[in-house]
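Below: the structure, in structure tokens.
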2 protein chains.
Amino acid sequence: MSKIKETSTNFANKQALADECPEVYAANIIGGQWSIVICSWLINGKLRFGELKKRLPNITERMLTLQLRKLEENKIISRTIYAEVPPKVEYELTKIGYELKPILKLLESWGEKHKALDGEKSAF
Amino acid sequence: MSKIKETSTNFANKQALADECPEVYAANIIGGQWSIVICSWLINGKLRFGELKKRLPNITERMLTLQLRKLEENKIISRTIYAEVPPKVEYELTKIGYELKPILKLLESWGEKHKALDGEKSAF
DNA sequence: GACATTACTTACATTTTTTATAGTACCCTA
DNA sequence: TAGGGTACTATAAAAAATGTAAGTAATGTC
């Protein structure tokens with residue numbers, strides 16, 4: 001996360017690929033370590049920061065914040081702040097965010113199928 | 001790439017998520033910088049190492065090798081070596097690899113739609 | 001015998017992502 | 001006035017992914 005170095009080869013490569021290849025562009029957007037799980041949870045409706053945190057047991061607050069910010073920047077989720085104390089912030093998928101649903105479904109069933117295929121080894 | 005450290009928190013987190021979340025498991029498998037483009041090319045039929053390289057203009061041979069190895073380990077592609085000189089190696093999607101097709105399609109159209117939505121800013 | 005071809009490998013450097021740890025602000029309650 | 005709850009931020013360090021540059025093996029051609 002954090003800022004990417006716009007002079008790096010890596011940046012240039014990502015740009016180039018994303019430019020000519022919408023599926024790579026899409027993958028860049030939803031491809032953080034936690035993005036997909038976050039979206040999966042939000043598909044069922046909005047959640048508060050703390051609620052998300054509870055559902056993502058091992059995530060650090062920093063990571064959760066970073067991923068949410070990235071998703072927000074990319075307009076996958078919206079952030080609503082309630083002027084209360086203690087603070088309350090809700091996250092919800094945007095329209096285009098909700099449109100990830102079929103992709104998540106497919107990924108899920110493909111994943112299950114693949115997992116069944118090679119039960120013994122890990123995915124990394 | 002390279003070997004992942006099995007004692008790291010990162011490894012544990014990935015494991016845990018992949019275990020309970022098939023879509024994350026799937027994303028881990030197809031989620032390298034170049035994996036998706038490679039699969040996109042191979043969807044149209046098998047290709048040799050050098051042919052892939054030509055189609056992925058800025059990829060280094062090292063990266064291509066690494067990604068192909070990872071895909072092969074995960075049984076997304078198969079590797080056929082011809083006992084010739086100079087060497088000839090062909091890569092082809094496996095059955096489960098070909099089943100990524102609908103996912104790639106959806107990612108592609110979602111990507112296009114998203115890109116149209118926010119034309120001005122980059123995706124990173 | 002030098003050179004080209006192909007599909008790699010190796011050592012090393014840099015960049016990017018993820019984790020760890022410790023704060024902050026605000027108000028309410030005890 | 002101390003402590004609790006919520007949603008963060010700052011800084012540093014570790015880990016992972018990617019890139020750079022050079023080399024290898026085997027054979028055929030010049």
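First the proteins, then the strands, lettered A, B, ... as listed; each starts at 1. Atom set for the values below is all heavy atoms of this structure, side chains included, hydrogens, waters and symmetry mates excluded.
Sorted by first and then second residue, the ring pair (Phe, Tyr, Trp, His ring centres under 6.0 Å) pairs involving residues 60-107 of chain B (not counting sequence neighbours) form an empty list. For the salt bridge (charged side-chain N to carboxylate O under 4.0 Å, His left out) condition, no pair includes a residue of residues 30-43 of chain B, sequence neighbours left out. Sequence neighbours left out, the pairs with a member in residues 37-54 of chain A that pass side-chain hydrogen bond (donor to acceptor under 3.5 Å, both in side chains) are A:Ser40-B:Glu23, A:Lys53-A:Glu61.
Separating the CG atom of A:Asn13 from the P atom of D:dA17 is a distance of 17 Å, rounded to the nearest angstrom. Protein atom CE of B:Met63 is 17 Å distant from nucleotide atom P of C:dA13, rounded to whole Å. Nucleotide D:dG19 holds its P atom 9 Å from the CG atom of B:Asn58, rounded to whole Å.
A residue-by-residue look at A:Asn10 and A:Ile81 shows that A:Ile81 has its nearest nucleotide of DNA chain D further toward the 5' end. Each of A:Val89 and B:Gln33 lies near DNA chain D, and the nucleotide nearest A:Val89 is the one positioned closer to the 5' end. Each of A:Lys5 and B:Arg79 lies near DNA chain C, and the nucleotide nearest B:Arg79 is the one positioned closer to the 5' end.
B:Trp34 meets the ring pair (Phe, Tyr, Trp, His ring centres under 6.0 Å) test with no other residue; sequence neighbours excluded. With sequence neighbours excluded, no residue satisfies salt bridge (Lys or Arg N to Asp or Glu O under 4.0 Å) with A:Glu20. Every residue meeting the side-chain contact (heavy atoms from CB on, under 4.5 Å) condition with A:Ala26, not counting sequence neighbours, appears here in chain and number order: B:Leu107, B:Trp110. Listed by chain and number, the residues in a salt bridge (Lys or Arg N to Asp or Glu O under 4.0 Å) with B:Lys113 are A:Glu99 (sequence neighbours excluded).
Annotation: proximity of residues 38-55 of chain B to DNA chain D (heavy atom, distance under 4.0 Å) is found for no residue.
Under 4.0 angstrom from either OP1 or OP2 of D:dA17 there lies no side-chain N or O belonging to B:Gln67.
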> Just by protein heavy atoms under 4.0 Å, how would nucleotides 21-30 of chain D read 5' to 3' in B, S and -?
Replying inline: -----BB---
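At distances below 3.5 Å, at least one donor-acceptor pair connects side-chain atoms of B:Thr94 with backbone N or O atoms of B:Ile76.
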